[in-house]
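Notes follow once the structure below has been shown.
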Amino acid sequence: RLIFLVVSLVAPMTSKRKGSSSKVLEDVKGVIIADSFNERFGPLTSGDRPRALIPVCNIPLIDYTLEMLYRNEITECFIVTKHGHNDLEKHLNRVQDHYSSMKMHIVHSETTYNLGDALRLLHEKIRTTFVLVTGDVISNMDLTPLIAKHKSWCGVDKKTLMTMLFTPCDHSHPLRNVETDVVVVRDTQTSRLLYCGPPKEKYLEVPLYHIMGRSQVELRFDIVESHIYICSPALLDEFVDHFDYCTMENLIKGVIDNDDIVSNKVFAIIQEEKYAARCANLTSYDAISKDVMNRWCYDLVPDIFSPPASRFKYTYRRNHIYVEKSARFGRNCQLLSSVVVGGNVEIAHGRENDEKSSPTTIKASVLGNNTKIGTGCTFESAYCFDGVTVGNNCTINHAILGNNVTVLDNVIIQEGCVIEHSVILGPNVTIPPHTFISFRSEDNHDAKKVTLSRSQTYNYTDDAEHLKHIQSAEGADKLGRIVSAASDTDNLDTYDCHNDVVGEYGRGFLVDQSEDEIAIVRWQIGEMLEEDDVDSGDESDSDLDDSDDENPTDAFSREVLDLLQSRMDLDNIGEASISNIQLEITGSRAAHNIPVEEVPSFITLLLFKRVLEDDKHGASGSKLLVKVFQAMGPLLANYTRAKKEQLQVLDTVFDVCFQESIAGNVFVAIVNQLYDQEVLGEDSILEWHSAQEFEEKELVTLFQSLNKFVEWLKTADEEESSGEDAEATSEGETETSEEEEDNDDEESTEEEEDSD
């Protein structure tokens, strides 16, 4: 019975593309519109670069779309493209073997300017049901039951054109913007779409004649389009018959407005528990990247979904951190949360002995393959494509850096910036918010002679050669940071860079943005609602509590750190009141709904932070850390009764000791104190030690420093076991001798009775 059960559970997974759904999906084709027909991503898609190849968590967007169709057993797919079709075709050739059971056709036309033009190209090629999706959609939807429902509606009414798929989305979510906000009205009983359009400024407006005469209708403003459509061939006929239909919105409006004449129908399905989102602009790119890192689109996550054209594999760590095994980190590197680190990445590597260097902290960011980052940098919501080089003491906040971008020392890139491939910035400059910087001048995109700086000029043939030149320039170190340059002010290029923005040794040009496009293109950061949408009551902005927008985890960490700073005097650590601290931590945990099993890791990390942020102790910080864990051991012990929590504490201690040399010097002493204070059990330490495998030399060195302590634990355990065996043996011998004495007494008593 057990064998049969296992087989019945596993078999459907191993033969995913063969099953009962084959009849439903028979002759169903896929259509991917790989061109966006706009310039929402600014310079990243200039020249001949398609948006479909922009990476999300180091995976090209179109790979997510292909994977969705492949998992839903689509056997034939048409990919329509205009912009960057050569690069796209090369990429599809590389992944073709992985999707061997899905035949791909590339349809290219230079006269395609919108969605309507793209669909008209397919009129003679597709005459069956097809799934229409844009090439920048990420989704884990199961389309099989939805296709079956669409076919059933088509069987009842031949005028059924398509079924639109929607997903729930709160109004404050970053995916909501002026492009995606939509009001949907549908018949509750039949799921027929009655109205679909954008809202007005402060209210929703739905024409009354759309809902008259129906028993029950549903109005939804908490959903967004998935941009996945299940279509009938008649949809293509409509686009051919109406050349004024350029977008899907044009078609929907035409169908609804002419309902009494033509009687075409569009249906709507709301997928409540699945994920689907379109990467339509910079704001949605940021939101979708974070959703993927935070596993809302499971199982399309970096550690499970590995793109067929990539050789890199990711390991998933706590706090939604994904690290490729070839990445290398220095002690001054801190990965906080929601981070993807690609292959061959180096962060503060080789600077472990530089006492003056500051740590590099990375949060909610993606680092592409072969990225190099110096020390003292701060990354938050930073998206670096492959080959990016960043010097020391740089800050990148809510920005996208294209392939092979070089950022020299002391550069600040403020929110909303987009930097095109191969641009060079710095040193010692601040890039203003929402700045787009291109590699080529808008006046001459074909220029091959470019200015490296105002005192240095090179001729090059392509982007890669340009990067090679700057990395081999006189005085350049291994991060490509130029120390000095030759003086030749007479030799200036005709197309001078905007060095007042990109820096003295920079290479790049500002990109002008039209005023009517800024509202859509601009990266909305922390401003999901328009100002007009805010309630204009008596309550002023100053009365609003900014802390309401704070992440619960961040708020809990901040409160506990404030608590430790106020209640724990480092000069008199033994006088800290454990019971009062624990009581306040419990209250804060309940207020922010933090799971109790996560508390010990938080406390451990914040105890380190309390000492490491106190500069006045300097070199004595190592000894102070041991005293702190000795004094706070009883506090931690209240939260580490289970082995799982003990292993989490050990992981946290090891990570901090690796990143901070002050802590690393007393790694063994801290573990010893936690063992003495019964925070860590002997079994937990031995299990953790036996389960670890490291390749980096620095990690191995720190890990092996614990070997003597582990051997001592094993020896003590063996001695205790042998002592217990000896004690048990002596007790057994004592019991035997007592039994023999009792037997002798009984025998003597019997002899006396016989003699009487």
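The line from OH of Y99 to CD1 of I74 is 13.5 Å long, rounded to the nearest 0.5 Å. Between E420 atom CD and S438 atom OG the span is 3.5 Å, to the nearest 0.5 Å. In this structure, CG in L115 is found 11.0 Å from CG in D35, a value given to the nearest 0.5 Å. For the atom pair NZ (K151) and OG (S232), the distance works out to 10.0 Å, reported to the nearest 0.5 Å. The distance from atom OG of S365 to atom CG of D286, rounded to the nearest 0.5 Å, is 9.5 Å. With values rounded to the nearest 0.5 angstrom, H320 atom NE2 is found 13.0 Å from K290 atom NZ.
Pairing each heavy atom of I223 with each of V182, the nearest pair is O-CG1, 3.8 Å. In this structure, A118 and T112 approach most closely via the heavy-atom pair N-CG2, 3.7 Å. Between L193 and A268, the shortest heavy-atom contact is CD1-CB, 4.1 Å. Between A276 and I228, the shortest heavy-atom distance links the atoms CB-CD1, 4.4 Å. Across all their heavy atoms, F239 and G116 have their closest contact at CD2-CA, 3.7 Å. Scanning both residues, C196 and F166, for their nearest heavy atoms gives SG-CZ, 4.5 Å.
Here the rule is side-chain contact (heavy atoms from CB on, under 4.5 Å) with L425, and of L401, V501, I437, I412 only I437 fits it. Just one of L66, V131, I106 meets the side-chain contact (heavy atoms from CB on, under 4.5 Å) condition when paired with I32; it is L66.
Looking at heavy atoms from C-beta onward, I288 lies in side-chain contact with Y275 at the 4.5 angstrom threshold. Contact check for Y113 versus K82: side-chain heavy atoms found under the 4.5 Å cut-off. Residues I413 and T435 have side chains not in contact (no heavy-atom distance under 4.5 Å, counting atoms from C-beta outward). Between V255 and K265 there is no side-chain heavy-atom pair separated by less than 4.5 Å. Taking 4.5 Å as the limit, some side-chain heavy atom of V80 sits within range of a side-chain heavy atom of L122. The shortest distance between side-chain heavy atoms of S226 and M141 falls below 4.5 Å. Side-chain atoms of I270 and R186, non-hydrogen and from C-beta on, do get closer than 4.5 Å to each other. Considering only heavy atoms from C-beta on, D117 stays 4.5 Å or farther from T111 through its side chain.
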- Verify side chain to side chain contact (heavy atoms under 4.5 Å, CB included) between L61 and I138, making sure each step is shown before the conclusion. CA-CA 7 Å; L61 271 168; I138 296 179; 4.1 Å; yes
- Task: Any chance you could lay out the side chain to side chain contact (heavy atoms under 4.5 Å, CB included) test for L235 and Y229, step after step, and finish with the verdict?
- Result: CA-CA 11 Å; L235 178 82; Y229 312 93; over 6 Å; no
- Message: Set out, in order, the CA-CA distance, both residues' side-chain angles and the distance that settles side chain to side chain contact (heavy atoms under 4.5 Å, CB included) for M162 and L132, then state yes or no.
- Response: CA-CA 10 Å; M162 71 174 177; L132 173 64; over 6 Å; no
- How far apart are the C-alpha atoms of D136 and R51, what are their side-chain angles, what is the distance that settles it, and do they pass the salt bridge (charged side-chain N to carboxylate O under 4.0 Å, His left out) test? CA-CA 7 Å; D136 48 12; R51 182 196 294 183; 2.9 Å; yes
- Worked check of salt bridge (charged side-chain N to carboxylate O under 4.0 Å, His left out) between E249 and K253: CA-CA 6 Å; E249 288 75 18; K253 187 177 186 303; over 6 Å; no
- Query: Stepwise, does the side chain to side chain contact (heavy atoms under 4.5 Å, CB included) test hold for F78 with L121?
  - Reply: CA-CA 11 Å; F78 294 85; L121 294 173; over 6 Å; no
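Residues forming a ring-ring contact (aromatic ring centres under 6.0 Å, His included) with F305 (at least two apart in sequence, or on another chain): Y64. Applying the ring-ring contact (aromatic ring centres under 6.0 Å, His included) rule to F379 yields no partners; only residues at least two apart in sequence or on another chain are considered.
A salt bridge links D554 to K363: at least one charged side-chain nitrogen sits closer than 4.0 Å to a carboxylate oxygen. Of the charged side-chain nitrogens involved, at least one lies within less than 4.0 Å of a carboxylate oxygen, so that D187 and R214 count as a salt-bridged pair. A salt bridge links D299 with R71: the closest approach of a Lys/Arg side-chain nitrogen to an acidic carboxylate oxygen falls below 4.0 angstrom. For R176 and D222, the salt-bridge test fails: no basic side-chain N is under 4.0 Å from an acidic carboxylate O.
Of the possible polar contacts, one joining the S284 side chain to the A280 backbone as a donor-acceptor pair under 3.5 Å is found. In this structure, the side chain of H83 engages the main chain of T45 through a donor-acceptor pair within 3.5 Å. For the pair N281 (side chain) and T283 (backbone), a donor-acceptor distance under 3.5 Å is present. Put simply, the side chain of D157 gets close to the backbone of K159: a donor and an acceptor are under 3.5 Å apart. Checking side-chain atoms of R295 against main-chain N and O of D291 turns up no donor-acceptor pair under 3.5 Å. Listed for the N250 side chain is a donor-acceptor partner under 3.5 Å among the backbone atoms of C246. With hydrogens and angles ignored, the 3.5 Å screen pairs no side-chain donor or acceptor of D27 with any backbone N or O of T128. T65 contributes a side-chain N or O that, together with a main-chain N or O of V137, makes up a donor-acceptor pair within less than 3.5 Å. Distance alone, capped at 3.5 Å, is enough to place a donor-acceptor pair between the H421 side chain and the N403 backbone. A donor-acceptor pair under 3.5 Å links the side-chain atoms of Y322 to the main chain of M293, judged by distance alone.
The aromatic rings of H85 and H108 sit parallel, their planes meeting at an angle under 30°, below the 60° perpendicular limit. Taking the six-membered ring for Trp and thresholds of 30 and 60 degrees, Y245 and H242 have nearly parallel ring planes, at less than 30 degrees apart.
Under the 6.0 Å distance and 45° angle rule, R40 does not count as a cation-pi partner of Y285.
A donor-acceptor pair shorter than 3.5 Å can be found between the side chains of N294 and S338.
Within 6.0 Å of atom CD in E273, 12 or fewer heavy atoms from other residues, nucleotides or ligands are found, so the atom counts as exposed in its surroundings.
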